[in-house]
*Asks:* 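One structure follows; several queries about it will come next.
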Protein chains: 2
Amino acid sequence: MPARDTDPPAPRKRADAERNKQALLEAAAAAFVDSGVDAPVRDIAVRAGVGVGTIYRHFPTRADLIVAVYRHQVQSCAQAAPALLASSQTPHHALTAWIDLFVDFLITKHGLAEAMHSDAAAFEPLHAYFLDHLLPAVTLLLDAAVDAGQINPIDPLTLLQGVGNLCIGASANSPYNPRPLAALLIRGLQTTPS
Amino acid sequence: MPARDTDPPAPRKRADAERNKQALLEAAAAAFVDSGVDAPVRDIAVRAGVGVGTIYRHFPTRADLIVAVYRHQVQSCAQAAPALLASSQTPHHALTAWIDLFVDFLITKHGLAEAMHSDAAAFEPLHAYFLDHLLPAVTLLLDAAVDAGQINPIDPLTLLQGVGNLCIGASANSPYNPRPLAALLIRGLQTTPS
DNA sequence: AGACGATACGGAACCTGGTTCCGTTTAGCA
DNA sequence: TGCTAAACGGAACCAGGTTCCGTATCGTCT
């Protein structure tokens, strides 16, 4: 059986092309750290030692580049959800912990939260990628917490967008800290003992 | 007594200059409605029937223009706080109502929330203006609600930034609705009956 | 090894939108 | 009516994203 589910046809890429793509990923990651995900295209190109045309060839839109750079981290964030659910005392604890994880991820990626909900068509793939991977994760946690009677139901997408928005403008060196606000949001979700 | 508190020295402006300034304010307001607060400078100029130089002469930075356009609305939002406090059943009700007002204001101003916390130096005046006027308003409401034992204390600035952030990307024709999220935030603030 | 077609590359050129600058116009006054 | 300072307009400039095409390189076939 041929390699499935990863590169179905695999039309055989040239070695130099693959090298450049790799160099671009590293250069972009570095540039994103220094200047945020809006780092100038030309900067990334010189860092990688390639021409700007090469960037557009490998990553037609900036969203493609961002997705490629953060793919792994998004995946592990998503995969943390079931793990947390299994290891936490209650679904509510798991939810809180996961939101913390998500917030941490966003504030360390300068400008990512901003880009995430930009309505520019170019960012649609980014949006879609994040949603595809993270929506199931939150949904799992929310359902569990609702079933346990710990929180009131909420649309997972709305929550994800809300927490994402809270993280806009936050970074390690900024005084603005979205963590307590995200916690407040989750607290507001709790069912009252009544 | 001379006019005070509005134009202290009033160095006598030329009539055409004043006319143009007025025309620019109207043009900018219209452009902001159509294209958000990032409306191209040249667009605003043609709408007002002036050259681009004239915009920069009257409003050196975009923030100056935005502040000038929304000055009245920010003021009435701020002034609503004591009024609501007086007319509401409880401080908590007043707080909730005021937050609704604030959210409504932001989502009708396409792009304002985004601009509000841009770290670009050019937007500092905008930031400062909003804070100067709205921070006292929230502080009043928060203090009253804390004193009444209805909510846990929170830094007013953090709350303002948080609610502002939640409104980013929201607009009349967007499916994303920050209102329930803002309500959740306030709910999370409530003291538990324990 | 040498040659050849396909693939990929580089970076100049172009486009959009913000900002500056200076020659020209005009309001206000004597 | 003439004069001067204020204000104007828009061309020119700059920055950053995007496109395009002549050139270089890879991989293969003989």
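Labels below follow one simple rule: chain letters A, B, ... track the order of the sequence lines, proteins then strands, and each chain is numbered from 1.
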*Asks:* Calculate the interatomic distance between B:Tyr56 atom OH and C:dC21 atom P; express it in whole Å.
*Replies:* 13 Å
*Asks:* Provide, to the nearest angstrom, the distance between the CZ atom belonging to A:Arg62 and the P atom belonging to D:dG16.
*Replies:* 11 Å
*Asks:* Is the closest basic N to carboxylate O distance between B:Arg47 and B:Asp34 below 4.0 Å?
*Replies:* yes
*Asks:* Does a nitrogen or oxygen in the side chain of B:Asn20 sit under 4.0 Å from OP1 or OP2 of D:dC8?
*Replies:* yes
*Asks:* Measure the distance from CZ on B:Phe59 to C1' on C:dG18 and round it to the nearest whole Å.
*Replies:* 17 Å
*Asks:* Hey, does the side chain of A:His58 come within less than 4.0 Å of C:dA8's phosphate (OP1/OP2), counting only N and O?
*Replies:* no
*Asks:* Please determine, by modelled atom types, if B:Thr96 and B:His93 share a side-chain donor-acceptor pair under 3.5 angstrom.
*Replies:* no
*Asks:* Looking only at the side chain of B:Val52 (C-beta and beyond, no hydrogens), which of the listed nucleotides C:dA8, C:dA12, D:dA11 gets closest?
*Replies:* D:dA11
*Asks:* Does any part of the side chain of B:Leu181, heavy atoms only, come nearer than 4.5 Å to the side chain of B:Tyr176, both counted from C-beta?
*Replies:* yes
*Asks:* Can you tell me how far C1' of C:dT7 sits from CD of A:Glu18, to the nearest Å?
*Replies:* 14 Å
*Asks:* Would you say C:dG10 has OP1 or OP2 under 4.0 Å from some side-chain N or O of A:Thr54?
*Replies:* yes
*Asks:* Taking the basic N atoms (NZ, or NE/NH1/NH2) and the acidic carboxylate oxygens, is any pair closer than 4.0 Å for B:Asp16 and B:Lys21?
*Replies:* no
*Asks:* Nearest-Å distance, NZ (A:Lys13) to C1' (C:dA6)?
*Replies:* 16 Å
*Asks:* With side chain to side chain contact (heavy atoms under 4.5 Å, CB included) as the criterion, how do B:Leu160 and B:Phe102 come out once you've worked through the C-alpha distance, each side chain's angles and the decisive distance to 0.1 Å?
*Replies:* CA-CA 9 Å; B:Leu160 212 46; B:Phe102 181 49; 3.7 Å; yes
*Asks:* Start at the 5' end of DNA chain D and walk down; is the nucleotide closest to A:Arg19 or to B:Arg14 reached first?
*Replies:* B:Arg14
*Asks:* Would you mind reading off the distance between A:Gln22 atom CD and C:dA8 atom C1', rounded to a whole angstrom?
*Replies:* 16 Å
*Asks:* Round to a whole Å and report the spacing from CZ of A:Arg57 to P of D:dG17.
*Replies:* 18 Å
*Asks:* Give the residues of residues 28-45 of chain A touching DNA chain C, defined as any heavy atom closer than 4.0 Å, sorted by residue number.
*Replies:* A:Arg42
*Asks:* Within this structure, what is the CD1-to-P distance between B:Ile55 and C:dG18, rounded to whole angstrom?
*Replies:* 9 Å
*Asks:* With under 30° as parallel and over 60° as perpendicular, where do the rings of A:Phe105 and A:Tyr70 fit, or are they tilted in between?
*Replies:* perpendicular
*Asks:* Do side-chain atoms of A:Asn165 reach the backbone of B:Leu166 as a donor and acceptor pair under 3.5 angstrom?
*Replies:* yes
